[in-house]
Structures are given as structure tokens and as C-alpha cells.
Amino acid sequence: MNAHRWNAVLLYGCVSLIGILSLGKGEIMFIAERLPLKGDRTLSDVPWPMPEKWSRDNDTFTVLPSSLKFDSNTECDIIDDAIRRYRDVIGLFKHDASADDSDITKVEISLGKGTCDEFPYLDMDETYTLVTEMDKVVISCKTVWGALRGLETFSQLLFEESGKVWMRNWNISDKPRFSHRGFMIDTSRHYLPLSIIKKHLDAMAWSKMNVLHWHIVDAQSFPFVSTTFPELSDKGSFTPRHVYKPEDVAEVIGHARLRGIRVIPEFDTPGHTHSWGKGKPELLTPCWNDGEPMRAKYGVYNKAENFDPTKETTFTFLQQLMSEVKDVFKDEFIHAGMDEAHYMCWQSSPNITEFMEEKGFNGSYAKLEEYYVSRALDVIGGTGKNVIMWQDPIDNGVTVNKSAIVEVWKNKRSNIDCAQNSVDMWQEFASHVAKSGNRMIISSCWYLNYLCYGEDWRRFYACDPHSFTEKQSEKDLVVGGEACLWGEFVDGTNFLQRSWPRAAAAAERLWSPSHVTDANTAAFRLDAHRCRLLRRGVPAQPVLPGYCGDYDYGFEPETPSTSEPCGTNGADTDSVRFAVTTKVLIVLLSLLIATIP
Amino acid sequence: MVEGSRKMVSLLFVLSLFSALSDAKLSVTPTKGVPWPMPMDYKTTGKQNTVDAASFRFTTRSVECDILLDAYVRYREAIFGRNADRFHAMRQSPKFVQMFSQEGDIGEVSVDVSKPCQGSYPSLESDESYSLSVANGQVMISAQEVWGALWGLETFVQLVYKSDTGEYMVNDTIISDKPRFAHRGLLLDTSRHFLSTRNLLRNLDAMAQNKLNVFHWHIVDDQSFPYESMAFPELSNKGSYFPESQVYTPTDVAEVIEFARLRGIRVVAEFDSPGHTQSWGLGQKGFLTECYSGVKPDGSYGPADPTLNTTFPFLKQFFAEVASVFPDQYIHLGGDEVSFTCWQSNPVIKDFMQKMSYGTNYAKLEEYYMQNLLDIINSLKRGYIIWQEVIDNGAKVRPDTVVEVWKGGWEEEMEKVTKQGYKTLLASCWYLNYISYGSDWTTYYTCDPQKFNGTDAQKALVMGGELAMWGEYVDDTNVLSRLWPRASAVAERLWSPQDVNYPLVAEPRLIEQRCRMIRRGIPAEPVTGPGTCPVEYREP
């Protein structure tokens, strides 16, 4: 037994006290005194999401963040960057940096294969173990992705108390329950600034989510800048400032990769494509009303809607765009959308009718949709990528290639039903997809845009993606799930607040074993996690009354300059500056001219 | 040139809206330079004037005061951005003015206030009316009191918009305006979660941008006691979440009050009792009722204990401090949701009930408590606002008491309260903490506080209303984005004429208001569906 260990033993007497005090750092409280919180508060120091297997005892060790060494047996930029990040993260703990003794002096990262994968992928191995040894913490894993998850867990095990940073004696063996743990963002209904997307990726990594499903364009705007078809965003974005340029997209992908997060773009067709039509009008089907083309029918269809499947040029265009997209985005999957291809506009068009007769579709618009879907999937397949799509084609009886992953999004429960006893009703959809034998992603129960007053995270927490079946073979089709935050009512002002920590409920469901379901006990851990997110710079909203110790969002930096209440925007300032500079120049010029004899 | 009254403008909105709708409602075109809340009388024409950024200044025609001078600095910044100040020095040079003022049509806004205003503090009786004219290259704001002038300045700033080429523009406009209700409040709860002083100030800015004029500061409650009392420092030392950082020091409170005053906003502090007082008990031993389980105290506490001889002397001293700290003529005394269970369990209270011949009617005991408290406030020469329960339970209150109605069935309650001759405020419709999916602002917008059965005299007793953002699920991370612009809907209801009440007509203007607020530093969230603002929100 070495000196450090003695230290720990000598401290043992006050260990339980330390435990309790540290838990007081993030403190949720009752709504009303007659409703005290249920659940086990002592588990709030267990990481979020809860590891598959873990144990801890009451031994505590000191850790000195500033002098802690990280050792890895593998050269890899992903590991190097992670070490740099986690050094910053644990540096946030308040501690006396000049203290010279520390029980734990090293974090050892031991990669089994010693490989450094280029990009994260479906079914990557995220397994790791973490043990506290005499003077070090050892994280063992097979891949860099496991190392990232292990480092995150390590960062969550530390706590501050009496000017020092501590950790208990842990033994963790962990792996995710599902491989695909996604979050869908929608940058068409409102634009999301890059800084917000990057902060969001950070929060995802801190909650062990690993897929950013980027619903990048939709009917309302087309912010993706295509180098092949620049007119799409030139005409289709809200303004020239509301775009994602190639370097922006690369920045998102790079930021995500370093955190073990895949970026899957969604280019939703044939419906939801109004904004595409601004740059490329020929893509859309002209809708007919009163015997005339390009006539809207209010509440039914617009002037032009849905890609026009009768034109070969539609598929040529898609082929060209997808061959750009396949290079821009590194993941093996492209999300092809395919949801809500409403038939009404197609039905109004004599051209479509004629085409369907030619093809022998016999008046079946599902056949027309199937024709579009199969051609579009062939186009994407031709680029070497695999496809994810929404469930709609399956619902409509379209035969879909077995290699496609189907995302189940519908829910028969009303979106605004906030009654506590109301239950999710998506299982029959999943069951239907299972019959087709396609792998699937469940998102029906995690539509974060539909909000309810109070602790609505409990609904997200209660949803189990396997609950649609008893058959193991059908359960095996579920690769995971996604939290979706559609953008109708969110933008930079409220996106992060509305996402976190509500999405963390889905994150735990998708990572932790299926038996981790006690929401009353999870509430304390979720609060601790939210306070952690706050401390790391994400404005996660509260889960119940209370506070986060001596830190709350916006407390730092407390400099006089930030206390100015009214912000202004760069454009305004710039234009004033420009106007004045111009005027000064004119004055100088006229003075100059006046002096010329 | 098209000249239109407010109604004609509304009609134009509807028409433009329908043209947008025929485009499958992908977007609604926002207005440009139309104020929120809608003025009482608003005539505008298509005649555009440019505003000259370089020479622009506000001038006082008659009465000058601290409030105006502060407003000029703020509003110059609100129009031109923060750098506007840098040119102030340059502007001092007459040569500069001469050289540049020709560039824009409008370089001056002159403000005419009749009554002296140095150091004034707003009240329920403030005259907030003003008139504003933009005509012949002249801008003129006139008001009886400075409070009206402030709103006139706010309106002027909202009339200014940017042309496609980036110039500041304002159309010829004639406005005669005054609020429909005198009390237009917003409640923040700093007990369930602490809100930083900085965010309270930002919220006051947002309130001024919507002409709300009462900050109802529900400062303490069961969960925490962040108000730092000079007489009883233990209250926040023990009762706040975190005494080092989660308290409002006397300096913080003074800063909030002064910041509000300069914006024409009253700060009404609420110290809720006898219920909702758990956090008081931590720093003031013997204030709360000990709850009993059988014959023994069970360690838990209930409402304030009205039977102890220390209770009212404590309250007297405490509220004397409150009255000296908060200059407003009203103090909010709470009085809501008193649970009788603990009182019922306590043998001393039972004895007291017998002695007072209350039988088992604990509402009587509550009335006894409130009556004593009201007498204390009376002696401090302050009026009070109370939640409706106090009246429901039959306490006798001063005739100038303002009763705040917050429960469901508010129409009957308002009828009842006004029948008894009390002034009243409506809050029931505007609990903004209860969130739901989508454009819920329309329900706030369409709730009219005078829509209950009663005589004209009864309706005249409606002083206005308050929106509430209770703090259970709200803190610094989301309070501003959750409030705004949903609270703007309430602000217009309380300011504008009763017939300005069609959400579809208001929507294009609300979008402009949200984007304007974003430009001025408030993270107002999207509430009308997909779209964008010319300038997106950035953390200051």
C-alpha cells in the first residue's frame, strides 16, 4: 500500500460526508412541499447514460487536473484532440492548481487493435472498460470510439469538494445497447448558426450520442451550398447569409468525427421540395387547377410540388447532386427522406396521368411513388452509399430494397396530447416495417419539438424501441433511434435549451441496458448531467426547481463589458461604419479637389 | 400616396397575408416599421424619409431630466447600434453637422414634456399618453409626463426600418397613443430558480420594448430566499440556494429598480406569506408553524405561525425595510395557496382557534394573519396587491387594494371582486410558464380582461393584467427565449384598443417585433412557424 492509498484510507472517515456534499452541487427540489421527490439521490454520481455494468466503493482519490497525464498506446488525431478537450473539461472543476499531491496521476488509454479509424460508422465498436488502479485510471477499448466513450465517462466520475477534485474507486464495463443513437436537426424551417450546431455536437458527445442526422433542406429553405448547382442555395436560402458553405459543412463533419459522431445528411425528396424549385423550377411537378398548370389550390397543393418523376432530367439532376453529396459527406449512409409525398398535385396533373398510363400503373399513385423511390434509391446506390428513408413508402405498399434502413416516425398519439397517462402508439408501424425485413431506426417517441409542460423528458425516457415485438429476430432489426427536433419553432434563440437535457433521456434509453427505467431515480442523475452540460457551456434547461451549486448558466465571465444589456448586430454597426467612412472619404476628396488651383 | 388609418392598415395586412397564404403558407411577410403594441390612433403614409445616422440627435424642447437623457442614449443605440455613440464626439463639430445632415431627411427628434420629471418614479396614476408626428422632415414627440415621452420614443424607434439598400427609413406618420390599461405587468419568479441580475435587466429592456410597465418580482418562495435583507441577513444566508452567488444584494435590488425607473417600469416586490414560506423558516427560526404527527412535532413546517407573539413584530420590521428599499406605492403580499393541514395538526394553533372562537374554520385564521399583515402595511403608508384567495376568504382590506385574479373561472371571480368595489388585475389567461406546442401566443392575445359580466363601473376597476413566468422549469438558460415574444401578445392586449384582436392581422407585425427584439439583443424565440430574421440572434 503506497502513500496515496494511505491518504485515501485516512480520508475514509469523512468519505460519506464528501459523497453527500458533492451531490449537493446539483440540487433539484420539490415543486410543492407536499410532493417530496421520490427516487434514490445517491445514484446521482453515476454517469449519464448509465453504463452497462459498474461498481464503486467508498474509497476516494484526489485528482489534480492540471498535472494529470494522459497516455495512449496509439498515435491518432482523434485521441490527441480528445485528450486536449477533456483536459479543458476537467480543468473546469474548481481546484487549487498548486497542490502537489494527487492520488491519481495518470489516465492510461489502452487500445486493443491500436488502430485509428478515419470516420465513425454504423456498428463501430464503442466498448470500453474503466478501472481505478493504485495511482491511475485505465481505459481499455478495442477502437478509438471506445476510447472516446471511456474518456467521457472518466470526466463524469470526477467531482470537486473542499478545493480539490476527487474520484471514487470505480470499475466500469460498458457498451451501448444500440449502435445508432441519433439526433435530427432541421436547418430549413429555421437556420441554425454553425456555433450552435457545434455546441450541440459537444452536448451529444457528452451524452454518448453518435449520429447527427442533418435534415439540411426542406420546403422552406435550401441552405446547403452545392458546388454543382449553386443556384439551389442562391435562390432557395432565406438570405445569402443563411447558408452552409462547403467549408462550413466540412467543419461540422470534422467536429463530429473527432467526437465519434457520424453526420448523415438528408436530402428529402420527392415531397418537401418547394425550396429546390426556386433554383431549379423544372424539378417540380406543375400542379393543375381549373384546367391550367401552375395553379395552386389553397390548403391542398401549391403551384408546383413534388419532384416530377415523368422527366428523365429529374433523375439526371439527382444523380449529379448525389455524386457531389457522396463526396462531401463521409458516412456510408445518405438519408433520402421520401416522407409525405402527397399525391394531390400529382393527381391534378394530366402529364402525370399520361405517364402513368404509359407505364401501366393502372391509376395507382403508390406505383408512381414506388417508381420514383426505386429510381432515386438506384441513383443513391449508384454512388456507393446506403440509404436511410422515412417509413412512408413502406406504409404506401412500395417495395423497398432490403439494404435500406427505414426510420419509423409516425405516432398515432396526438402530438399535443400531454396527458400523463397517454401512451405512445407507434408500435404497429414498426411491426409493419419489420414484416418487410428492413432494419429500422425508431424516432416516433422522441419528437422533441412537441413539448409539454413540466418533466416531459419522462415520456422520452419511458419509450423502449423494442416494445413493438417479442421476437428477437424483429428486435434485431432495430439499429437504434433518433431524437428529432423539427425546426418550425426553434432557431438559435432556443435550440440548445429545448434540446437539452430532454434529448439526454433518449440518449440513455439508447445506450443503457433495457432494465434502467426508474425515472424517479434517473431524475437526480439527469439533473447532475444538466448541470454538467451547463458548466461545459451548453444552456441546458432545468428539469425541476433548484440550482447547480455555485455555478449557473451565464455566471461567467463576469466582466463589466458583458453586463451591457442591449446587444447589437454586426451588420448594423458595419453599415454605420461604412456610411461614415464613405462620408469621411468624400469630405477628404472634396477638400483635396478644393485645394487644386 | 396612400393614406390609411389603423383599420385600413389592418386591412392591407390581411390582404397581403392572403397573398402569402396562396403560396401555401410557407411564409408570412413581416411588416416594416410598424409598431408593437399597436397605438390607439395610428395614421401612416407611404412617404418615406431617410434618417441621417451621422447627425441624428434627440432634443428636449422644454423640461429636461435624467430619464430623458438616459433614454436618448439608449434609443440612439437601439436605432443605429452600439457604435452610434462613437460618433457623438464627431457630431459636436458644427462643420460636421453642416456637412452631413443634408444626407438624410431626418436628423432630429424633438421631445416636449410638460411636467417636471427629474428623479420621478412611475405609478399606477402615471399619464402615459403621448403624440408623435413624423411630417415635413420633422419628428415631434409630445407628452404631459415623461412616461408618455418614453413610450413615444420607443414607438419612434420602431417606426424606423432599414431599406433594402441598408438606409434607415421612416415613413410620415401621425400617432396619438395611450394605454388601455394602467397596469401592464410581468411576473418573474426568482425562487424556484435564481435569475441573474443581468438577465433581470435584459428582461426590463424587453418589457420596455413592449411597453409593459410593471415588473412583479416574485422574489422569494418555498424553494429559496434570494433577497438579501439588511435587517435579517440570515434569511438569505440560510434560505438562498447559494449565498455567495445566488442572492440579490441591496446593490442588485437598487440597480434593478433604477434600471426599471429609467424605462418607466415600476418594480412591485412580492413577499408571499403566510404560505409559500418554507425558505423563510431556514433563516428565521420560530416563524413557521411546526407540524405535528400525533402529539409530537414531526420536524416539518407549515405556513407562518400567526399565534406566536414574535411573528408580527418580525413582519413589521421586515416590511418596513421592504418599504424603504422598494419605492413603489404598492407591495404585493401574496396570500395564495395556504395549506391548512399543518395548522390543523398543531395543538397550540388549535388552542388559539378556540380562544378566538374560530371553531375549525382555518380560513378565519388565515384572515387573522392577513388582517394583521395588512395593518402593518397600512402603517407603512403603502398600498397592497394580493392574490385572489385573500378576498375569497373574506379578509377586510383597504379600499384601494388591488386584487390579482389567477385561478381558472376568472370571469366569475372578476365579476365578484369588482362588485365588492376592488381594483383588479387579471393573470389567469397569461401563465406563460405553461408551454405547449406551436403558436400559443394567439390564445394569450385573444383573452380580454374586461370580458366578464359587470357594469361599466365594474369594468373600470380592471387596472390591467399580468403575465406570469413561474420558475419551476425556467432559469437563466431559457427565461428570455421562453418569455419573448409570447409576452408581447399580452403586452398588446393590455396596451392597444380592444378591437385590435385578430391574431392573423397581428402576425406579420409580431414577426417584425420578434426580429426587432433579436436585433436589440433579446433572444426572442420563433412562435409563428418557419422563417428567418434579417439578423439572427447572437449571444451578447
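Keep in mind that this is a model prediction, so the values were computed, not measured. Order of the sequence lines fixes the chain letters, A, B, ..., with proteins taken first and strands second; residue numbering starts at 1 for each chain. Quick note: numbers below take in every heavy atom, side chains included, and nothing from hydrogens, waters or symmetry partners.
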Examine whether an atom of [X] lies under 4.5 Å from a heavy atom of chain B, and if so say whether it belongs to the side chain, the backbone or both; otherwise answer neither.
| X | value |
| --- | --- |
| A:Asp186 | neither |
| A:Ile196 | neither |
| A:Ile416 | side chain |
| A:His242 | side chain |
| A:Arg295 | neither |
| A:Arg498 | side chain |
| A:Phe30 | both |
| A:Cys452 | backbone |

Just by distance, no angles: are the side chains of A:His274 and A:Gln220 close enough, under 3.5 Å, to form a donor-acceptor pair?
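Note: A:His274 and A:Gln220 side chains miss the donor-acceptor criterion.
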The criterion is salt bridge (charged side-chain N to carboxylate O under 4.0 Å, His left out); which residues satisfy it with B:Asp440, sequence neighbours excluded?
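B:Asp440 satisfies salt bridge (charged side-chain N to carboxylate O under 4.0 Å, His left out) with B:Arg486 once adjacent residues are dropped.
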In terms of heavy-atom proximity below 4.5 Å to chain A, should B:Gln246 be classed as side chain, backbone, both, or neither?
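Only the side chain of B:Gln246 comes within 4.5 Å of chain A.
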Centroid-to-centroid, A:Phe238 to A:Tyr191, below 6.0 Å?
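Between A:Tyr191 and A:Phe238, which both carry aromatic rings, the centre distance is not below 6.0 Å.
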With ring centroids as reference points, do A:His342 and A:Tyr301 lie under 6.0 angstrom apart?
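Judged by ring-centre distance (under 6.0 Å), A:His342 and A:Tyr301 do not meet the cut-off.
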Measure up the B:Phe242 and A:Tyr547 rings against each other and bin them: parallel (under 30°), tilted (30 to 60°), perpendicular (over 60°).
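Correct class here is tilted.
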Nearest heavy-atom neighbours spanning A:Asp218 and A:Asp268:
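So the minimum-distance heavy-atom pair works out to OD2-OD2, 4.3 Å.
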